[in-house]
Amino acid sequence: MRRLIRHNGDPMADPIVTVAELLLPAFAAVGGEGADPVVRPSDRADAQANGALAIAKRLGQNPRQVAEAVLAVAKPMLDTICSNVEIAGPGFLNLTFADHFLAEQLGLAAADEHLGVRLAPVTKRVVIDYSAPNVAKEMHVGHLRTTVIGDALVRLMTYVGHTVIRENHIGDWGTPFGMLIEHLVDLGETEAADGLSLGDLDGFYREARAKFDADPVMQDRARHRVVLLQSGDPETMRLWHLLVEQSTKHFNAVYAKLGVLLTDDDIAGESMYNALLPEVIERLQTAGLLVESDGADVVFPPGFTNREGDPLPLIAQKRGGGFNYSTSDLACVIDRVERVHGDLLLYVVGAPQAQHFAMVFKVAEMAGWLHPPTEAVHVMFGSVLGPNRKMLKSRSGEPLKFIELIDEAVVRAAASVAEKNPHLSADEQAEIAIVIGIGAVKYADLSTDRIKDYIFDWDRMLAFDGNTAPYLQYAHARICSIFRRAEIDRASVRNDAVVLGEPQERALAKRLLAFDSAVWDTIDKYSPHRLCTYLFDLAQDFTAFYEHCPVLKAADDATKQSRLVLCDTTARVLAQGLDLLGIVAPERM
RNA sequence: GCCCUUGUAGCUCAGCUGGAUAGAGCACCGGACUUCUAAUCCGACGGUCGCAGGUUCGAAUCCUGCCGGGGGCGCCA
C-alpha cells in the first residue's frame with residue numbers, strides 16, 4: 001500500500017492533528033512537559049487551541065498572557081500553515097489554515113490510497129466476538145445490532161492495520177441439545193434434515209420444546225442425551241453435528257445477503273470451549289479463588305452485591321457439577337489470550353449482560369489470565385424498539401426474523417427505486433434495491449449511539465433526506481455521474497493540483513481532511529455512529545458544493561481539474577466510509 | 001433495596017476526555033428545476049440541555065441528591 005509522507009516524516013493526517021503536533025513544543029515550553037494544546041475544530045476559525053487556559057489555571061497566571069507566550073514560540077511554525085492566528089476571548093488561540101496549506105494537504109490525501117487516514121502506531125491482534133446466533137433457531141432482529149456493529153468494527157480495525165480475528169460464538173451447546181437431538185431421532189434424520197434445510201429452524205425448535213414440556217419420558221431421554229453429548233458419544237456427536245450444519249447453512253445465507261464478513265472459519269461456538277471447562281475450575285482452584293457456596297463452586301469478585309447487599313458470586317461450577325455460561329466465558333478469555341494471543345478482546349454483546357461481563361473480566365484478572373496491556377472490552381448496545389417503544393416484533397408477535405427484515409427492506413427500497421428512477425433496467429433496479437435496502441437497515445442501526453435503544457422506523461431509514469444511507473449513497477452516485485457523463489477516468493485526476501476559491505470548496509476540503517480523525521475517533525470509542533455523523537456532514541458539504549460550484553462547466557480549466565479532484569476524493573471517502581460500515585455505495589441509483 | 005444505563009427543539013437524534021451565541025434531520029412555513037441525477041439545495045421557525053445543589057474564570061459535558069424511562073441482581077445463555 002502506497003502511503004504519502006509529510007515533510008516531517010510522519011504520515012499525513014487531519015490538519016487539526018497536524019497543528020496540534022506542531023503546537024506541542026510551544027505549549028511544553030510555556031506550560032511544562034506534556035502540556036496539551038487542546039486543539040478542537042472551531043466555528044470562529046478553522047481550529048482553536050484551548051490549552052492556554054488550563055496552563056494558566058495550573059500556574060496561577062493570566063491565561064491571555066500564557067496564550068501570548070505560546071504564540072511567541074509557535075508563531076514562526078504556524079505562519080507556514082496558517083493565514084491568520086489570533087488570541088481571542090480569555091485566551092483561545094484561533095487558527096485559520098492558509099488556503100495553500102489545505103489545498104496541498106488535500107492533494108496529498110487525493111493521491112493517497114488510504115485517503116490520509118493514519119495507520120495504527122502499534123499493530124494489535126484484535127479478537128472481535130459478534131453475531132453469535134443459536135443453533136436450531138432462526139436469526140432474528142435480536143442479532144441485528146451485534147452483527148452489524150461487530151462487522152463494522154472488524155472493517156474499521158482492519159483498515160487501520162490491526163490484525164483482526166473474527167469469532168462467532170454460536171450457541172451450539174448446552175441442555176437444549178438433549179431435547180433437540182431426541183426430536184431429531186423421533187423425526188428420522190432424513191426427514192428432519194429436509195425440514196431444517198427448508199429453513200424452518202424455529203418450527204423444529206418449537207416442536208421439540210412442546211414435546212419436552214408435555215412428556216416426562218421425553219425429559220428423561222433429553223437428560224440422558226445431554227450426558228451422552230457431554231461425554232462425546234460418537235453417535236450423539238454425529239446427530240449434534242447434523243443440527244449445527246443445517247443451522248450454519250442458514251446463518252451463512254443471512255450473512256451472504258447482508259454482506260457480513262463472517263464465514264465458517266470464524267465459528268468459535270460454545271462447544272469449542274467444552275474441553276477447557278474442567279481446567280477453568282482447576283485453575284481457579286489453584287489461584288485460591290474458588291469458594292463453595294450453596295453447593296456450587298463460585299468466585300466472589302469484589303464490588304458486586306446482590307439484592308440483599310451480600311457479595312454476588314460468579315458461579316463457575318453449578319451444584320451437581322455442571323458448567324454454565326460463566327465457566328464458558330472464562331474459558332473463552334483464556335483461549336483468546338493464550339491460544340489466539342489477542343491483545344484486545346471485544347465482546348459485541350447487548351447491554352443487559354454488562355454485569356455478567358464485568359464479573360467475568362474481573363475474575364479473569366484476579367486469576368491472572370487477563371492483564372495489561374491485554375484488554376477486554378464489552379462493546380455493549382441497546383435494544384431495537386418498535387414504533388410502540390417496545391421490543392420490535394413481527395405481526396404474529398414473534399421476534400422479527402432476520403430474513404424477513406432484509407426482504408422487507410429490499411422490497412421497500414425497490415418501490416422507491418422504481419418510482420425515482422424508472423428508466424433503469426429491471427436488473428439494475430433490483431441490484432440497487434438490495435444495496436439501498438440493506439444499507440438503510442445497517443445505517444439506521446449504526447448511526448445512533450450504540451449504547452442507546454433506538455426505534456426501528458422503515459420510513460425514516462429509507463428516506464432520502466436526513467442522516468440516512470440513501471442520502472449518502474445518492475451523493476456518491478451523483479459524483480459518479482459527473483465522471484461518467486464527462487467520460488473522465490476517476491483515477492486520472494488524483495495527482496492534479498487543488499485550488500480552493502469558493503467557501504464551499506474550502507469547507508469540503510476541510511471536511512475531507514477530517515476523515516482521518518473521524519475514523520480514529522470511531523475506533524477509539526468503538527462507536528460507528530461517529531463515522532456516520534462524519535459521512536453525513538461530508539455529504540451535506542458536498543451537496544452544498546455541488547449546488548454552488550459547477551464542475552464540468554467551471555470557469556477555467558484549473559478550477560475544473562481542482563473540482564474534479566474534490567469530487568473524486570469525496571466519492572472515495574464516501575465509498576470507503578460506507579464500506580467501513582459494511583454498506584455498498586452504488587455508482588448509480 | 002442495590003448496581004448499570006438513559007433523560008437535549010413537536011418528533012428522531014448529534015454534541016458529553018469542561019471552553020466563547022447548544023447543533024442536525026424530520027415535520028411546519030417561504031423560496032430555487034430549459035442548468036453536472038430536485039432521491040437535491042437555500043432561508044425562516046423552533047430548546048430554562050429532567051429538577052435542585054456543588055466544583056470552576058467557564059458546565060449539556062465533571063460531582064452529589066432527587067424525579068422519570070430501560071435493564072440487571074445465584075446455579076438459562
Side-chain angles (χ1 to χ4, degrees), chain A residues 36 38 40 42-44 48 50 53-54 56-57 62-63 88-92 94 132 134 169 171 173-176 270 293-298 303-310 312-320 322-329 349-356 358 380 382-383 385 389 391 416-417 419-421 436 444 447-449 451-455 457 459-468 470-471 473-475 477-486 524-525 529-530 532-533 536-537 540 543-544 546-554 563 567 588-589:
Chain A
D36 185 357
V38 195
R40 301 282 134 88
S42 174
D43 46 0
R44 313 257 174 146
Q48 60 180 66
N50 307 331
L53 289 108
K57 182 190 279 189
N62 179 317
F92 301 112
N94 286 353
N134 291 313
H169 195 76
W173 207 249
T175 46
E270 289 164 7
S293 170
D294 286 349
D297 288 323
V298 309
F304 298 91
T305 52
N306 68 12
R307 234 179 280 271
E308 282 74 43
D310 299 327
L312 185 66
L314 186 76
I315 295 172
Q317 189 157 23
K318 298 190 285 187
R319 191 188 322 125
F323 303 114
N324 63 5
Y325 72 128
S326 295
T327 331
S328 173
D329 278 337
V349 182
Q353 298 207 48
Q355 183 171 264
H356 166 70
M380 64 181 95
S383 310
L385 306 179
R389 286 203 157 269
M391 296 286 282
S416 285
V417 174
E419 180 199 331
K420 309 286 190 192
N421 222 339
I436 292 179
S447 61
T448 58
D449 193 355
I451 203 80
K452 296 181 185 175
D453 297 345
Y454 77 94
I455 295 171
D457 181 334
D459 291 335
R460 190 149 36 79
M461 73 178 73
L462 281 160
F464 297 96
D465 342 277
N467 190 8
T468 65
Y471 178 80
Q473 290 167 322
Y474 180 60
R478 287 172 110 183
I479 299 172
C480 294
S481 170
I482 293 174
F483 285 90
R484 193 165 49 239
R485 178 169 286 255
D524 289 342
K525 299 191 166 65
H529 85 279
R530 301 227 167 213
C532 295
T533 301
F536 178 52
D537 288 340
Q540 288 195 120
T543 45
Y546 183 89
E547 298 287 333
H548 292 97
C549 305
V551 178
L552 300 177
K553 290 171 187 165
R563 287 179 182 172
C567 285
R588 64 177 96 210
M589 60 186 275

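Everything quoted here is computed from the prediction, not taken from an experiment. We name chains A, B, ... by the order of the sequence lines, and we start the count at 1 in each one.
Relative to the side chain of A/Ser481, the nucleotides B/G70, B/C36, B/U12 differ in distance, and B/C36 lies closest. Side-chain proximity of A/Asn421 to B/G19, B/A39, B/U5: nearest is B/A39. Relative to the side chain of A/Arg484, the nucleotides B/U37, B/G15, B/C36 differ in distance, and B/U37 lies closest.
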Interface polar pairs with nucleotides 72-74 of chain B, N/O, under 3.5 angstrom:
unit_1, atom_1, unit_2, atom_2, d
B/G72, O2', A/Gln355, NE2, 3.4
B/C73, N4, A/Arg307, NH1, 3.4
B/G74, N1, A/Ser293, OG, 2.7
B/G74, N2, A/Ser293, O, 3.2
B/G74, N2, A/Ser293, OG, 3.1

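Aromatic ring orientation, A/Tyr471 versus A/Phe536: perpendicular (interplanar angle above 60°, classes split at 30° and 60°).
Contacts of A/Gln48 with the nucleic acid, taken as non-hydrogen atoms under 4.0 Å apart, include base atoms. Nucleic acid contact class of A/Met589 (heavy atoms, under 4.0 Å, all strands): base. Counting non-hydrogen atoms under 4.0 angstrom, A/Ala477 reaches a base of the nucleic acid. When heavy atoms are screened at a 4.0 angstrom cut-off, A/Tyr546 is found touching base atoms of the nucleic acid. Among the atoms of the strands shown, none is found under 4.0 Å from any heavy atom of A/Cys480. A/Lys553 comes within 4.0 angstrom of sugar-phosphate atoms only, judged by non-hydrogen atoms across all strands, and of no base.
Position along RNA chain B of the nearest nucleotide to A/Gln317 versus A/Val551 favours A/Val551 as the more 5'-ward residue. Residue order along RNA chain B, read from the 5' end via each residue's closest nucleotide, puts A/Gln540 first among A/Gln540 and A/His169.
Contact between the side-chain N/O atoms of A/Thr543 and the OP1/OP2 oxygens of B/U40 is not found at any separation under 4.0 Å. Within the 4.0 Å cut-off from OP1 or OP2 of B/G58, not a single side-chain nitrogen or oxygen of A/Lys57 is found.
With both pairing distances under 3.5 Å, B/C29 is matched to B/G43 as a Watson-Crick or G-U wobble pair. The nucleotide B/C2 finds its pairing partner in B/G72, both defining distances of the Watson-Crick or G-U wobble pair being shorter than 3.5 Å.
Classified by its glycosidic torsion, B/C45 falls in the anti category, the angle being over 90° from 0.
Judged by distance alone with a 3.5 Å cut-off, a donor-acceptor contact links the side chain of A/Asn94 to the base of B/A20.
By the side chain to side chain contact (heavy atoms under 4.5 Å, CB included) test, A/Arg40 is found to be paired with A/Val38, A/Asn50, residues two or more places apart in sequence or in another chain being considered.
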